[in-house]
Amino acid sequence: MKLYTYFRSSAAYRVRIALNLKEIDHELVAVNLLKSEQQSAQYLGKNPQGLLPALETDEGVLAQSMAILEYLEETFPQNPLLYGDAWQKAQIRNLCYAIACDIHPVDNLRVLKYLSTELGVDDEAKNAWYRHWIEVGFEKLELLLDSSHEYCVGDKPSLADVCLVPQVFNALRFNVDMTAYPKIAAIYERCNQLDAFINAAPQNQADAT
Ligand SMILES: N[C@@H](CCC(=O)N[C@@H](CS)C(=O)NCC(=O)O)C(=O)O
């Protein structure tokens with residue numbers, strides 16, 4: 001399988017972590033978002049949405065990180081990341097969607113570009129926007145986490161941790177004060193002790209600049 005990725009794409013970072021945790025053989029193909037390679041005819045032929053990531057499988061190309069994560073879960077049952085009974089699985093999805101649907105989209109590159117190029121927002125205000133939506137999301141996420149667990153929902157990583165770590169990475173890049181979210185910060189530190197997370201980290205990618 002080939003994963004189309006960019007080192008700083010947090011949606012691609014989710015999938016890189018999951019591929020590592022599940023020990024699935026794969027190849028990484030870099031698509032440079034800063035050079036708008038996601039809009040090239042070649043990439044649009046793979047993912048017409050022009051967004052990363054995309055996973056090329058024997059069955060075809062799959063986009064949307066949550067769809068990819070669930071597909072990997074169903075096709076490679078080893079080291080499950082969506083585990084437990086129906087209730088627990090729903091809790092994992094709840095945390096994933098709080099990040100992937102409610103926090104991440106408003107801070108996406110194309111949204112930030114629109115703020116500056118179409119609405120004339122300066123860099124300072126744009127960064128404040130970025131931090132604001134993470135802080136609003138993390139404040140509520142912190143309430144959903146149970147500090148008696150090592151990871152988001154239990155004592156092993158789940159898809160919720162796979163989504164959380166890239167979002168915290170982004171938060172730190174934009175100087176969000178993580179001391180306000182001690183449970184999130186502790187899970188982030190714990191995950192980053194694991195090789196699967198370390199090897200998926202932006203700074204450890206071949207295309208990192
Ligand atoms: N909901 C999509 C979001 C994908 C997404 O927004 N990807 C970003 C990188 S994290 C992207 O490709 N942005 C390019 C752009 O905004 O032009 C997913 O989870 O896969």
Side-chain angles (χ1 to χ4, degrees), residues 1-21 24 26 28-57 60-74 81-82 92-119 121 123 126-127 129-131 133-134 137-138 141 152 158-174 176 197 200-209:
M1 282 193 293
K2 274 187 196 168
L3 179 70
Y4 293 88
T5 173
Y6 177 62
F7 74 111
R8 270 198 194 133
S9 155
S10 53
Y13 186 3
R14 293 172 198 152
V15 180
R16 295 197 301 264
I17 297 169
L19 286 164
N20 293 346
L21 283 169
I24 299 170
H26 62 279
L28 298 175
V29 180
V31 176
N32 190 323
L33 291 185
L34 290 189
K35 293 185 182 160
S36 297
E37 287 176 0
Q38 76 278 18
Q39 297 300 339
S40 69
Q42 196 192 6
Y43 186 71
L44 289 174
K46 308 218 175 271
N47 178 7
Q49 259 198 303
L51 297 171
L52 288 173
L55 185 74
E56 198 161 303
T57 75
V61 181
L62 185 58
Q64 288 292 340
S65 62
M66 291 312 304
I68 296 172
L69 293 172
E70 295 233 14
Y71 172 80
L72 292 176
E73 193 61 18
E74 287 187 44
L81 299 173
L82 189 57
I92 294 173
R93 289 190 176 98
N94 179 21
L95 295 169
C96 289
Y97 299 161
I99 297 165
C101 305
D102 297 334
I103 300 179
H104 173 262
V106 283
D107 280 345
N108 197 359
L109 181 63
R110 58 187 179 163
V111 173
L112 301 178
K113 268 189 187 164
Y114 187 82
L115 288 176
S116 19
T117 56
E118 301 297 323
L119 302 183
V121 169
D123 280 354
K126 194 175 68 178
N127 293 345
W129 163 286
Y130 197 108
R131 275 193 301 276
W133 293 115
I134 292 182
F138 276 8
L141 208 57
C152 284
S158 70
L159 290 184
D161 304 280
V162 162
C163 290
L164 183 69
V165 166
Q167 195 58 61
V168 176
F169 176 87
N170 283 351
L172 292 171
R173 244 183 95 209
F174 282 82
V176 170
F197 285 84
Q203 66 276 17
N204 296 328
Q205 302 309 295
D207 62 324
T209 51

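Both ligands and their constituent atoms are indexed starting at 1 by order of listing.
Every residue two or more places apart in sequence or in another chain that forms a side chain to side chain contact (heavy atoms under 4.5 Å, CB included) with Gln64 is listed here: Gln49, Ala67. Applying the side chain to side chain donor-acceptor pair (under 3.5 Å) criterion to Tyr97, with sequence neighbours excluded, gives no partner residue.
Other residues, nucleotides and ligands contribute only 12 or fewer heavy atoms inside 6.0 Å of the CD atom of Gln42.
Here the closest non-hydrogen pair linking Ile99 and Ala160 is CD1-O, 4.3 Å.
Near ligand 1, heavy-atom contacts under 4.0 Å come from Ser9, Ser10, Ala11, Arg14, Leu33, Gln38, Leu51, Leu52, Pro53, Gln64, Ser65, His104, Asn108, Leu109, Arg110.
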Hey, can you pull the donor-acceptor pairs under 3.5 Å for the side chains in residues 11-18, sequence neighbours left out?
from: Arg14; atom 1: NH1; to: Ser65; atom 2: OG; distance (Å): 2.8
from: Arg16; atom 1: NE; to: Ala200; atom 2: O; distance (Å): 3.0
from: Arg16; atom 1: NE; to: Gln205; atom 2: OE1; distance (Å): 3.3
from: Arg16; atom 1: NH1; to: Thr5; atom 2: OG1; distance (Å): 2.8
from: Arg16; atom 1: NH1; to: Tyr6; atom 2: O; distance (Å): 3.2
from: Arg16; atom 1: NH2; to: Phe7; atom 2: O; distance (Å): 3.0
from: Arg16; atom 1: NH2; to: Ala200; atom 2: O; distance (Å): 2.9

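Not one N or O on the side chain of Trp129 forms a donor-acceptor pair closer than 3.5 Å with the backbone of Leu112.
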